[in-house]
Number of protein chains: 2
Amino acid sequence: MMDHRATIKDVAAAAGVGVATVSRVLSGNGSASSRTREKVLEAAARLDYRPSALGRNLKLRRTGALGLLVPDITNLFYSRLADGVLSCARSMNEHVIVGTTGNDPEREAELIGGFVDQSVDRVIAVPSGDAEAWIPVLRADIHLVFADRLPLGLSPTPTGRDATALHKVPAVLADDRSGIHAAVGYLAGLGHRRIGFLGGNGRQQAFREALTHSGVPADDELIVTARGARDTSYAAAASLFQRRPDISALLAGNNILGEAAVLAARELDLRVPKDVSIVMFDDVPWAELCSPTLTVISQPARDMGYRAAELVLRDPRATRTRPTVLPTELVVRGSCAPPTDGAGRGRYGTDPRDRGLRG
Amino acid sequence: MMDHRATIKDVAAAAGVGVATVSRVLSGNGSASSRTREKVLEAAARLDYRPSALGRNLKLRRTGALGLLVPDITNLFYSRLADGVLSCARSMNEHVIVGTTGNDPEREAELIGGFVDQSVDRVIAVPSGDAEAWIPVLRADIHLVFADRLPLGLSPTPTGRDATALHKVPAVLADDRSGIHAAVGYLAGLGHRRIGFLGGNGRQQAFREALTHSGVPADDELIVTARGARDTSYAAAASLFQRRPDISALLAGNNILGEAAVLAARELDLRVPKDVSIVMFDDVPWAELCSPTLTVISQPARDMGYRAAELVLRDPRATRTRPTVLPTELVVRGSCAPPTDGAGRGRYGTDPRDRGLRG
DNA sequence: ATCTGTGCTGGAATCGTTTCCATGATGGAC
DNA sequence: GTCCATCATGGAAACGATTCCAGCACAGAT
């Protein structure tokens with residue numbers, strides 16, 4: 001009886017051939033006479049031989065594993081993205097090692113180090129920190145693809161040699177700009193003049209552009225930088241509503257911030273959309289369940305993951321200078337209406353009525 | 001210059017010692033004089049040496065990786081569970097390989113095979129299929145913990161030798177029974193007599209018990225088996241509402257089915273809670289956002305993952321005959337009210353008024 | 001009959017680590 | 001001064017695969 005798993009040596013002995021022959025037959029690389037092939041296959045089957053990935057990995061200096069880094073797996077957007085990655089990886093028989101960064105560059109760097117140590121072959125990442133954190137990955141010859149966003153400091157023109165390499169890392173992004181332009185245009189068309197924004201830097205930039213494009217004055221006080229951590233989002237939304245009760249519409253930069261905005265509005269007795277209109281970036285099932293139903297900018301989260309995995313698995317050598325950009329779409333539901341009060345009359349509504357703010 | 005990563009040999013050469021010494025110093029196992037220790041550490045730092053996990057894994061016949069199998073990573077319950085696992089694994093420097101089974105036993109078996117081949121050390125699984133699928137895992141000496149539920153055919157008393165081993169696999173479960181008893185008791189207390197159920201076998205069993213316990217007659221037509229796949233859930237909920245318009249309350253067995261129930265009720269113009277009361281197993285953020293807010297049975301999803309990871313990482317040798325059961329809690333919100341019509345008067349409300357069902 | 005090219009085959013080297021074991025050195029006790 | 005225990009040390013053997021390369025058999029051409 002076998003005490004443990006059969007190795008290639010056991011199979012070779014059982015089939016009366018050399019280990020090299022067994023390897024050739026089973027991996028299908030070299031050639032073998034049909035007679036020996038049969039013997040080997042029979043012996044392998046009889047011993048229930050399963051090649052050890054450990055031995056192979058060492059010899060080939062690769063693991064056949066794909067690293068995936070997302071900020072927060074409980075955020076539906078990222079779990080959908082992960083689902084896309086998993087789906088593609090499964091079809092290629094690759095394992096996926098998942099790590100969550102919590103948007104913390106330090107944690108991200110740790111996880112990157114782990115991937116390098118483990119000789120992970122490929123990495124798909126929603127980067128949380130600086131571009132330089134990724135240099136070790138490139139040096140280790142790991143194929144890298146960014147998803148959803150680019151690392152900080154990667155948009156400007158390249159400077160050093162490593163920076164150049166980083167600029168060639170493929171990326172799969174959503175067309176934030178169009179989606180945000182559509183949303184702002186829609187709100188402006190309804191007559192909104194004091195439109196707030198809650199979100200990260202990238203989309204904030206697009207939001208400002210969209211305001212200009214729609215001829216709505218930008219008001220820095222209405223633009224709040226927030227990353228969408230669950231514990232700080234509500235406070236960010238609530239304090240914006242309280243600080244500026246004259247706000248007539250709000251664009252939330254992701255689904256966590258959108259949730260916070262809806263909750264904060266409800267808590268402060270702001271009726272949606274009568275008192276304030278809300279648009280959220282990213283569509284989620286509950287957008288149809290809450291009342292009023294939420295108008296959103298939908299993005300193909302699962303596709304982004306799938307495409308990123310395709311890029312990194314199918315043609316890992318391909319380096320692109322232009323990122324793959326997937327379309328977004330404004331899905332109009334029930335959370336927006338023309339402003340009823342003060343808004344649209346002048347630059348600042350005079351003496352905005354207190355709408356029952358408690359804090 | 002180094003063309004590639006420095007190996008332990010390079011460090012040994014640079015420090016003027018043998019490889020064994022380097023290994024001892026760096027892994028902290030054997031002893032070494034402070035003089036050589038210093039030399040080795042200096043050389044390692046200078047060469048930026050990072051031990052190859054590949055080599056170590058082969059020698060130690062382990063990967064230091066944790067496999068995690070869940071039905072669907074986009075289901076918030078499972079992504080929370082995964083988050084708990086990831087969190088605990090990170091604190092132990094273990095990598096987590098995530099696979100999704102889609103509740104498909106065949107896919108599950110494939111993924112299990114992959115884990116065995118890869119020499120994954122430990123596995124946490126929400127099992128989707130038969131108990132026998134896990135025998136290869138045990139044979140490979142992989143430490144296994146079940147989470148959220150047990151494999152089919154594991155509740156009865158053990159029969160064979162392997163079955164016995166399977167019965168010793170630790171498990172972390174939610175206290176479904178109490179939660180469901182509380183919910184059914186609550187609904188019965190409100191006066192409901194025709195309470196429906198939508199969900200899997202395990203919780204269905206608990207539901208029937210709870211009905212008996214509360215003195216409410218069980219009605220097989222009101223009990224629908226559904227696993228909670230996104231594409232079939234809505235149809236299951238809608239057809240239940242249509243088939244039995246006299247249903248006065250519904251308990252949904254998970255958050256996907258709950259979502260489907262709320263959506264189906266809305267689509268069929270059933271007002272919640274006036275026409276039908278709804279309770280959902282598993283608390284999610286949108287339960288507070290939808291209107292009316294949803295009464296739920298909350299379960300500590302993240303904790304379950306964390307505890308499972310603790311079990312499998314900290315004392316992997318511990319085998320338990322009693323599963324770890326974590327508490328559930330009925331969170332009363334706004335989706336339940338006393339039945340208004342027909343219900344509570346007799347066994348079957350006579351001639352229930354059509355409430356505008358469209359189908 | 002000899003030569004050559006083709007196609008199988010298996011021994012051995014390799015990947016980078018850990019760990020066993022033999023060796024040499026050191027230091028204290030007698 | 002001798003002896004023994006203790007300790008640091010490095011060579012070498014695993015771990016389980018892949019793959020290079022040399023050897024060998026055999027068929028066809030000369």
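Order of the sequence lines fixes the chain letters, A, B, ..., with proteins taken first and strands second; residue numbering starts at 1 for each chain. Only a predicted model underlies this, so the values are computations on that prediction, with no experimental measurement involved.
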Using whole Å, what does the distance between atom [atom2] of nucleotide [N] and atom [atom1] of [X] come to?
{"X": "A:R62", "N": "C:dT14", "atom1": "CZ", "atom2": "C1'", "value": "17 Å"}
{"X": "B:N29", "N": "C:dT19", "atom1": "CG", "atom2": "C1'", "value": "9 Å"}
{"X": "B:R35", "N": "C:dT26", "atom1": "CZ", "atom2": "P", "value": "14 Å"}
{"X": "A:D117", "N": "C:dT17", "atom1": "CG", "atom2": "C1'", "value": "13 Å"}
{"X": "B:L47", "N": "C:dG16", "atom1": "CG", "atom2": "P", "value": "14 Å"}
{"X": "A:Q118", "N": "C:dT17", "atom1": "CD", "atom2": "P", "value": "13 Å"}
{"X": "B:K59", "N": "C:dT18", "atom1": "NZ", "atom2": "C1'", "value": "5 Å"}
{"X": "A:L60", "N": "C:dC15", "atom1": "CG", "atom2": "P", "value": "13 Å"}

Can you name the residues that form a side-chain contact (heavy atoms from CB on, under 4.5 Å) with B:V19, not counting sequence neighbours?
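So B:V19 forms a side-chain contact (heavy atoms from CB on, under 4.5 Å) with B:I8, B:K9, B:A12.
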Give one of base, sugar-phosphate or nothing for [X], where a contact means two heavy atoms less than 4.0 Å apart.
{"X": "B:A32", "result": "sugar-phosphate"}
{"X": "B:G55", "result": "base"}
{"X": "A:S52", "result": "sugar-phosphate"}
{"X": "A:L54", "result": "nothing"}

Check for a donor-acceptor pair, side chain of [X] on one end and backbone N or O of [Y] on the other, with a separation under 3.5 Å.
{"X": "A:N75", "Y": "A:D72", "value": "no"}
{"X": "B:E108", "Y": "B:T101", "value": "no"}
{"X": "B:S27", "Y": "B:S23", "value": "yes"}

Determine whether the side chains of A:D148 and A:Y78 contain a donor N or O and an acceptor N or O closer than 3.5 Å.
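Yes, because at least one side-chain N or O of A:D148 sits under 3.5 Å from a partner of the opposite role on A:Y78.
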Check if the side chain of A:R24 and the base of C:dG10 share a donor-acceptor pair of N or O atoms closer than 3.5 Å.
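A donor-acceptor contact between them is present.
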Donor-acceptor pairs under 3.5 Å, side chain of residues 44-55 of chain B to any protein atom, not counting sequence neighbours: which ones?
residue, atom, partner, partner atom, Å
B:R46, NE, B:E42, OE2, 3.0
B:R50, NE, A:D117, OD1, 3.0
B:R50, NH2, A:D117, OD2, 3.2
B:S52, OG, B:L54, N, 3.1
B:S52, OG, B:G55, N, 3.3

Where does the chain B footprint on DNA chain D start and end, counting 5' to 3' with a 4.0 Å heavy-atom cut-off?
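Taking any atom under 4.0 Å from a heavy atom of chain B, the span is D:dA8 to D:dG16.
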Does the side chain of A:S33 get closer than 4.0 angstrom to OP1 or OP2 of C:dG7 through an N or O atom?
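For C:dG7, neither OP1 nor OP2 has a side-chain N or O of A:S33 closer than 4.0 Å.
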On DNA chain D, check which nucleotide each of B:T36 and B:L58 is closest to and give me the residue with the more 5' one.
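Result of the comparison: B:T36.
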Need to verify one output field. Residue with the more 5' nearest nucleotide on DNA chain C, A:S31 or B:S27?
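By nearest-heavy-atom nucleotide position, the 5'-most residue is A:S31.
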Kindly check if the number of other-residue, nucleotide or ligand heavy atoms within 6.0 Å of CZ (B:R307) is above 12?
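No, the 6.0 Å shell around CZ holds no more than 12 heavy atoms from other groups.
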